[in-house]
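Everything numeric in this text was worked out from a predicted model, so none of it was measured. To find a chain, count down the sequence lines: A is the first, B the second, and so on, and within it residues start at 1.
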Amino acid sequence: MSSSDLVELAKRRGYFFQSAGAYGGVSGFYTYGPQGATLKDNIEDSWRDRFQRREGHREIDAPTVMPEPVFEASGHLDTFDDMLVECPECGASHRADHLVEDNTDIEEAESISIPDIEDLIADHDLQCPSCGAALGGEPVEEFNLMFETNIGPGSSSPGYLRPETAQGIFVEFPQLAEYARNQLPFGITQIGKAYRNEISPRKSIVRVREFTQAELEHFIDPTEDEPDIDRVADVELPLYPAEKQEEEDGTEYVHKTVQEAVDEGLVHEWVAYYLGVGKQWYESIGVDMDRFRFRQHLSGELAHYAADCWDAEAEVGAARSAAEDSSGDEPRDGGDWIEITGYAYRSDYDLSKHDEYSDDDFTVFKQYDEPKVVERATVDPDMSYLGPEFGGAAGDIADALEELAERDRAAFEDDEITVEVDGEEYTLPAEKTGFSVEEQKETGEHVMPHVVEPSIGIDRVIYTVLDHAYETDEVEDETRSYLALEPGVAPTFVGVFPLVSKDGMDDRAREIADDLRAEGLDVTYDDSGSIGRRYRRQDEVGTPFCVTVDDETAETVTLRERDSTEQVRVPIDDLPEVLADLREGEVTFAELDAPKAEQ
RNA sequence: GCGCCGGUAGUCCAGUCGGUCAGGACGCCAGCCUUCCACGCUGGAGGCCCCGGUUCGAGUCCGGGUCGGCGCACCA
């Protein structure tokens, strides 16, 4: 369906709409309506079940605001802080630091101050890459993609709204590792809002300034932990490797099972494992596998933290006729491919950075099976000598001695030892160094875990699920449009109607609706207009089943399925169980052992 | 942020040259009627994106803003 059709339906039927419309709306912010919020809940619950509960991981809930040092360590402060210069002639915006790097010998221009960058542009007579106009004298503007705020009164403690939920997990790693009893591997999930002050929000809820991420950070020991590939070995992956994308006509997908992808070295084993988990999940919530692929990041596209990355992508807005072509091997025209998940092998990037920048230890101590005995050269400098002799340099000299002992124990065979500190040479008698070679028992080592991260954009998944669910067909010579949402995620699960509002049928229907609600189902009651109109209404919001009371005294009701519009008769007493089974996927409508209803 | 195009009930649209042109359809609400697939009857509520300007008079013309679509840039 076209994007405008989807946006229109979403607004009309309460899925999502632009926020604060009464005040003219604000770009990049959306509100999920009564249907959409429930659909979102259902998809999030399903994600928890697949990526968390069934994998044995645990969820945390960290703040959305974090202090500045967190983002200094994570690298977001630098990489988010773009310097833009605008061409006075053609209006194009360019990264000022990139211009300088490309046209001078300067590297790392990102760390240069704005006035200096402006001077460099003027001094080198840099020109607009688009039209060639001179850029000297044009102001360089700073654009930070993180929302900034102040923590507490005053501006002495800047904070930022998190641009990804992941950092909330990484910064708490020491405490989380303690919870996990310092045993690798373990996984922590988080689902919540993240914020990016996008320059240009686009395409409805696909690119917004506030969005929901569902992330798993799986911490592993890179030297010995392996995924349990068997769990997903046979899952078929539609892969779109980097090399295929770079080909002239790079449209061929490679279909491999998880096992094959790992065996052939095409995908990192941990990433491949989660591609398998992910594919099962997308399929279960109604993403059309004919409009789905895993695309490998091109080397220049990799994030600052990623060692390898595959995106799950879905094609949305594709024409109906194309969707019905089930060959599946060729990408189709007409739709846009959007990223719905990033599967990144983040190595130890994040933990190393936080280990370096913070006061805490972001490693895990791994005990050896057998303690190792190692011979180690150590020093124990006589500080009562070094202090009076060398004054303030004494501490640095002691450190230098320790470093020298590890590097070159032969140096201690002389009577006098010389070390260099800040360009100065210091010489002292060997006996004052306390040098010795000892046998030490090592019981283990500190390991910096690596991180495997499936990072799901919930809003984009919702958009995809709605886009792929939209169907039209012919019923009684009339065109009908409906959302073929999976029963497991549909926000309204069953509509309950009286065939006509008289003879007590409406009261009976209300009772049934109440009973089904008591069973935990999402139920809507409707007695307005004609029965056909009510069916169509529910079809369009994607309600998979409708129950109609057609005789107050009868002990059965009709149960209608949305996609086929077929009906069966079901005893009222059995309804809760039948519907619960349908919702859980224990049985399909076609498999129900029930007589067809006459219409 | 730049360029092009656009903004009229909940939704989709009509609205001429500036002058009873604010209209249609669907949807919604109320009543009636109705025994299985949105188009039975009657009645009703609801709108010119915002601010300013031109004019005797602005939905209509102009400027700015805002929101949206597309393209460029950006998307760590």
Check every atom of [options] against the side chain of [X] and return the nucleotide holding the closest atom.
{"X": "Q18(A)", "options": "U34(B), G68(B), C72(B)", "answer": "G68(B)"}
{"X": "S530(A)", "options": "A38(B), C36(B), C37(B)", "answer": "A38(B)"}
{"X": "R207(A)", "options": "C36(B), C67(B), A73(B)", "answer": "A73(B)"}
{"X": "R533(A)", "options": "G27(B), C37(B), G1(B)", "answer": "G27(B)"}
{"X": "K502(A)", "options": "U34(B), C37(B), A73(B)", "answer": "U34(B)"}
{"X": "Y535(A)", "options": "U35(B), C37(B), A38(B)", "answer": "C37(B)"}
{"X": "R536(A)", "options": "C37(B), C75(B), C28(B)", "answer": "C37(B)"}
{"X": "S27(A)", "options": "C67(B), C37(B), G71(B)", "answer": "C67(B)"}
{"X": "V475(A)", "options": "C2(B), C37(B), U35(B)", "answer": "C37(B)"}

Partner of D526(A) under side chain to side chain donor-acceptor pair (under 3.5 Å), chosen from R534(A), R533(A), R537(A):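 Between D526(A) and the candidates, side chain to side chain donor-acceptor pair (under 3.5 Å) is satisfied uniquely by R537(A).
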Of P201(A) and M146(A), whose nearest nucleotide on RNA chain B comes first from the 5' end?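 Here P201(A) is the residue nearer the 5' end.
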Starting at the 5' end of RNA chain B and moving along, which residue's nearest nucleotide shows up first, V549(A) or S204(A)?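 Counting from the 5' end, the first nearest nucleotide belongs to V549(A).
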Checking R293(A) against W337(A): charged group under 6.0 Å from the ring centre and within 45 degrees of the axis?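 Satisfied, under 6.0 Å and within 45°.
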[X] bridged to [Y] by N-O distance under 4.0 Å:
{"X": "D527(A)", "Y": "R510(A)", "result": "yes"}
{"X": "R12(A)", "Y": "E540(A)", "result": "yes"}
{"X": "E511(A)", "Y": "R508(A)", "result": "yes"}
{"X": "E215(A)", "Y": "R346(A)", "result": "no"}
{"X": "D550(A)", "Y": "R569(A)", "result": "yes"}
{"X": "R480(A)", "Y": "D473(A)", "result": "yes"}

Value in whole Å for how far the [atom2] atom of [N] lies from [atom1] of [X]:
{"X": "E478(A)", "N": "C36(B)", "atom1": "CD", "atom2": "C1'", "answer": "15 Å"}
{"X": "F211(A)", "N": "C75(B)", "atom1": "CZ", "atom2": "P", "answer": "14 Å"}
{"X": "D506(A)", "N": "U35(B)", "atom1": "CG", "atom2": "C1'", "answer": "13 Å"}
{"X": "E566(A)", "N": "C36(B)", "atom1": "CD", "atom2": "C1'", "answer": "14 Å"}
{"X": "R209(A)", "N": "C67(B)", "atom1": "CZ", "atom2": "P", "answer": "8 Å"}
{"X": "Y23(A)", "N": "C51(B)", "atom1": "OH", "atom2": "P", "answer": "14 Å"}
{"X": "D551(A)", "N": "C36(B)", "atom1": "CG", "atom2": "P", "answer": "13 Å"}
{"X": "M505(A)", "N": "U35(B)", "atom1": "CE", "atom2": "P", "answer": "8 Å"}

With a 3.5 angstrom cut-off on both distances, give the Watson-Crick or G-U wobble partner of [N], or none if there isn't one.
{"N": "A9(B)", "value": "none"}
{"N": "U55(B)", "value": "none"}
{"N": "C2(B)", "value": "G71(B)"}
{"N": "A30(B)", "value": "U42(B)"}
{"N": "C21(B)", "value": "none"}

Does OP1 or OP2 of C28(B) have a side-chain N or O of R537(A) closer than 4.0 Å?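 Yes, within the criterion.
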Given C70(B), is OP1 or OP2 found less than 4.0 Å from the side-chain N or O atoms of K203(A)?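 For C70(B), OP1/OP2 do have a side-chain N/O of K203(A) under 4.0 Å.
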For nucleotides [N] and [M], find the distance between their [atom1] atoms and express it as a whole number of Å.
{"N": "C13(B)", "M": "G71(B)", "atom1": "C1'", "value": "27 Å"}
{"N": "U34(B)", "M": "C48(B)", "atom1": "C1'", "value": "39 Å"}
{"N": "C51(B)", "M": "U66(B)", "atom1": "P", "value": "15 Å"}
{"N": "G44(B)", "M": "A9(B)", "atom1": "C1'", "value": "14 Å"}
{"N": "G40(B)", "M": "U35(B)", "atom1": "P", "value": "15 Å"}
{"N": "G31(B)", "M": "C67(B)", "atom1": "P", "value": "42 Å"}
{"N": "A73(B)", "M": "G15(B)", "atom1": "P", "value": "37 Å"}
{"N": "C62(B)", "M": "C29(B)", "atom1": "C1'", "value": "42 Å"}

Using a 4.0 Å heavy-atom cut-off across all strands, classify S19(A) as base, sugar-phosphate, or nothing.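 Since no nucleic acid heavy atom lies under 4.0 Å of S19(A), the category is nothing.
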Which part of the nucleic acid, if any, lies within reach of S528(A) when heavy atoms closer than 4.0 Å are counted: base, sugar-phosphate only, or nothing?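 If one applies the 4.0 Å heavy-atom cut-off, S528(A) turns out to touch nothing in the nucleic acid.
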Derivation and outcome, ring-ring contact (aromatic ring centres under 6.0 Å, His included), residues F294(A) and F292(A): CA-CA 7 Å; F294(A) 290 109; F292(A) 176 84; 5.0 Å; yes
B/S/- along nucleotides 7-14 of chain B (protein heavy atoms under 4.0 Å) is ----SS--
Hey, is the side chain of [X] pairing donor to acceptor with the base of [N] inside 3.5 Å?
{"X": "Q567(A)", "N": "C36(B)", "result": "yes"}
{"X": "R202(A)", "N": "G68(B)", "result": "no"}
{"X": "S200(A)", "N": "C74(B)", "result": "no"}

Does either side chain, that of Y32(A) or that of D459(A), offer a donor lying less than 3.5 Å from an acceptor on the other one?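 Y32(A) vs D459(A): donor-acceptor pair found between side chains.
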Donor-acceptor under 3.5 Å (Q190(A) side chain, T165(A) main chain):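 Checking the backbone N and O of T165(A) against the side chain of Q190(A), a donor-acceptor pair under 3.5 Å is found.
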